[in-house]
Amino acid sequence: MKHLMKTTVAALALTLGAQAAQAEGELVLYHWFEYMPQELLDKFTAETGIKVTMDTFDSNEAMLASLKAGALGTYDLAVPGDYMVKIMAGEGMLDEIKDGELANKGNIQPQWLDVAFDPGRMHSIPYQWGSTSFSVNRDVFAGEINSTDILFNPPAELQGRINVLDSQGEMMAMASLHMGIPQCSTDRDQLKALNAMLQNAKSHWASFNSDTAKEVLVSGDAAAGMIYNGFSAKARDEGANVEYAYPTQGYIAWMDNVVLLKDAPNRDSALAFMDFLLEPENAAILTNWTQYSAGIDGVAPLLDEALRTLPEANPPASAGPAAFIEVCDEATQAVYDKIWTGLKK
Amino acid sequence: MAAGAASGGSATTDTYKEARTWLLMPAWVTLSFLILAPVLLMLVYSFLTKEFRGGVVWEFSLSAYDQFFFDRGLFGDEPAKIEWTYITIFWRSIWQAGAATLLSFLIGFPTAYFIATQPERVRPMWVFLITIPYWVNLLIRTVSMKFLLRDQGPLNDFLISTGLIDSPLHIVNTNFAVQLGLFYSYLPFMVLPIYAAVERYNFTLSEAAADLYATKMTILRRVLLPAVKPGVIAGCILVFVPSMGSFLAPDLLGGAKNFMIGSLIEEQFKGNAGNWPFGAAASMILLTMVLIILLIFARQQAKAEKET
């Protein structure tokens, strides 16, 4: 009992302390582990006097679970991936950013402004993004590679030497881009055609490997392979003569976003931090550290030379639109599950 | 027991009984909580309704088993036909595991025989040598295997340099690579029980057979093999059962182009499908099949023992 009293008093003192700090300007951030350079937080504190506290999570689902379990109201900002923004908005866990509340909202690159997971950027701003498509070994195939035909209707040199990611989401999104159909199609003819196309394409594939997507390209076991852009850059670093493709039909994108949480204890500090992150200078510090891409205008000239000219991180003008992996409803997902199982049976 | 009776009085017997109950507790706890309970939980889950993206709804449903056995087309509204998809996947697993078991036996039996016929003081060293590679994590061993076998790997380099072949053998991403991987993963499970059986074998029986003009082949078939049969059966079961549920070797060495039972079940819990009841149902069907196979083995053995 005495122990319990002690704990309660301690908790009360902490709460009071937290409230006192709040008045002086505090910000509580819920973030991925190893995804924020300390120098950026220090810079923010130096500029605004707002003290930043950061807790970390290791998966979107873990963050959602923790917020659901009562951590909502503790944090001001969180950094969910694209699909998770939609799920959190659906659960009513996000606060709305009203017009004019973010001075630097105009710095968001136009293509990331009206995204499907947060139309009109009502709750979120871009943090970092990257892409998934495929890379081709240029020693084996010298022709045009910026087409999804490389994977689904490959030239003779690549047939039987292709690795694809062992992931239903990425495979279906890529195949939908190839066929020019929506990701969560309910059109029977489209779905049948998708199924037939995949069955036919599979005969040209050597393997389904996600974990070793980079290694098979470096070792030469695969002459072409679906891969994340950062991994492809690493494969090139390791000596493989591979080129990352940005297909004209489009490519898959992922994006982590800073969201304003509902019941944020320090809403003003949160908005100040979002504005801070939207400054090209700060976005560049972050991007140079993470080595992904920012999604914010005016960052490019401030990037390290190597990163600025990295072909894997800079889609050419011919690149098709970036597509995020969509979240299908249950009945539609059941059909896609069947197609996937049928593909691997 | 005898000591208890000798010292007289039923009290001692009771104490003994009580002690026995308590001493058996670890076994009972292990059996019930760590084996029976999870299997029962699986059984219950297989009869529940699936919740989208993982989890279950506590409502009775046969849909998991229905999905396994009946095919209603891509959109689920055609008349039911027999579903071959999962039967194909199960058959592939059985076939691969069977091939791996045969391979293990063909290599494992001579190995075990060799060790058992060595001088007694060096036998432990040979057994130790057999187990050394297994101190390394299975994942790492499987990946290493892939590096050895791949097109530009040492095996192909060696074969090309000797002039035996002109272009590399494609071994990785084939069924054979999977069998090789399974064989390598579980070989000690074959060697050790056979070794234990051969070590107890009375070699004078072989000598007697030879004196009676039996050929070496006949001695092997009619004398040695029947005598060490329990060890062989134990080895086969120990290799076959885990091979059937394995997903590391098929994923890494077979290129994961085709599901094995293990990867199919894994996908239901970890993958996009998130269909727990179906994963549970597939596990129950696998368990039932394994039990039937074990029962057949057990009956044959019982029969064989009756005949002798």
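Throughout, a chain's letter reflects where its sequence line sits, starting with A, and its residues are numbered from 1. Heavy atoms only: backbone and side chains are in, while hydrogens, waters and symmetry mates are out.
Listed here is the closest heavy atom pair of B/Arg72 and A/Lys338: N-NZ, 4.3 Å. Contact record, B/Ala256 with A/Asp166: CB-OD2, 3.8 Å, taken as the closest heavy-atom pair. Across every non-hydrogen atom of B/Thr85 and A/Thr341, the tightest pair is CG2-CG2, 4.1 Å.
Note that OG of A/Ser207 and CG of B/Leu252 are 10.5 Å apart. Values are rounded to the nearest 0.5 Å. Expressed to the nearest 0.5 Å, how far NZ of A/Lys345 lies from OG1 of B/Thr88 amounts to 5.5 Å. Interatomic distance, B/Lys257 NZ to A/Leu343 CG, rounded to the nearest 0.5 Å: 10.5 Å. In this structure, CZ in A/Phe208 is found 8.5 Å from CZ in B/Phe259, a value given to the nearest 0.5 Å.
Within a 6.0 Å radius of CZ in B/Phe60, more than 12 heavy atoms belonging to other residues, nucleotides or ligands are found. Within 6.0 Å of CD1 on B/Ile165 lie more than 12 heavy atoms contributed by other residues, nucleotides or ligands. Crowding of A/Lys202 atom NZ: a count of heavy atoms from other residues, nucleotides or ligands under 6.0 Å exceeding 12. Within a 6.0 Å sphere centred on OH of B/Tyr65, heavy atoms belonging to other residues, nucleotides or ligands number more than 12. Heavy-atom contacts from other residues, nucleotides or ligands closer than 6.0 Å to CZ of A/Phe57 number more than 12. Heavy-atom neighbours of B/Tyr184 OH from other residues, nucleotides or ligands within 6.0 Å: above the threshold of 12. Under a cut-off of 6.0 angstrom, the local environment of CZ in B/Phe70 is sparse, with at most 12 non-hydrogen atoms contributed by other residues, nucleotides or ligands. For A/Glu34, the CD atom is loosely surrounded, since the number of other residues' heavy atoms within 6.0 Å does not exceed 12.
For A/Asn163, no part sits under 4.5 Å from any heavy atom of chain B, backbone or side chain. Heavy-atom distances place the side chain of B/Ile89, and not its backbone, under 4.5 Å from chain A. Looking at B/Tyr86, only its side chain comes within 4.5 Å of chain A, counting heavy atoms on both sides.
Ion pairing of A/Arg188 with B/Asp77 is present here, as a side-chain N (NZ or NE/NH1/NH2) and a carboxylate O approach within less than 4.0 Å.
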Subject >> Stepwise side chain to side chain contact (heavy atoms under 4.5 Å, CB included) check, B/Asn275 with A/Asp337 >> reply: CA-CA 10 Å; B/Asn275 190 343; A/Asp337 286 349; over 6 Å; no
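At a heavy-atom cut-off of under 4.5 Å, chain B is reached by A/Asn209, A/Thr212, A/Val216, A/Ser219, A/Gly220, A/Asp221 from residues 209-222 of chain A, listed in order of number.
Proximity of a side-chain donor or acceptor of A/Lys344 to a complementary backbone N or O of B/Leu264 within less than 3.5 Å is not detected.
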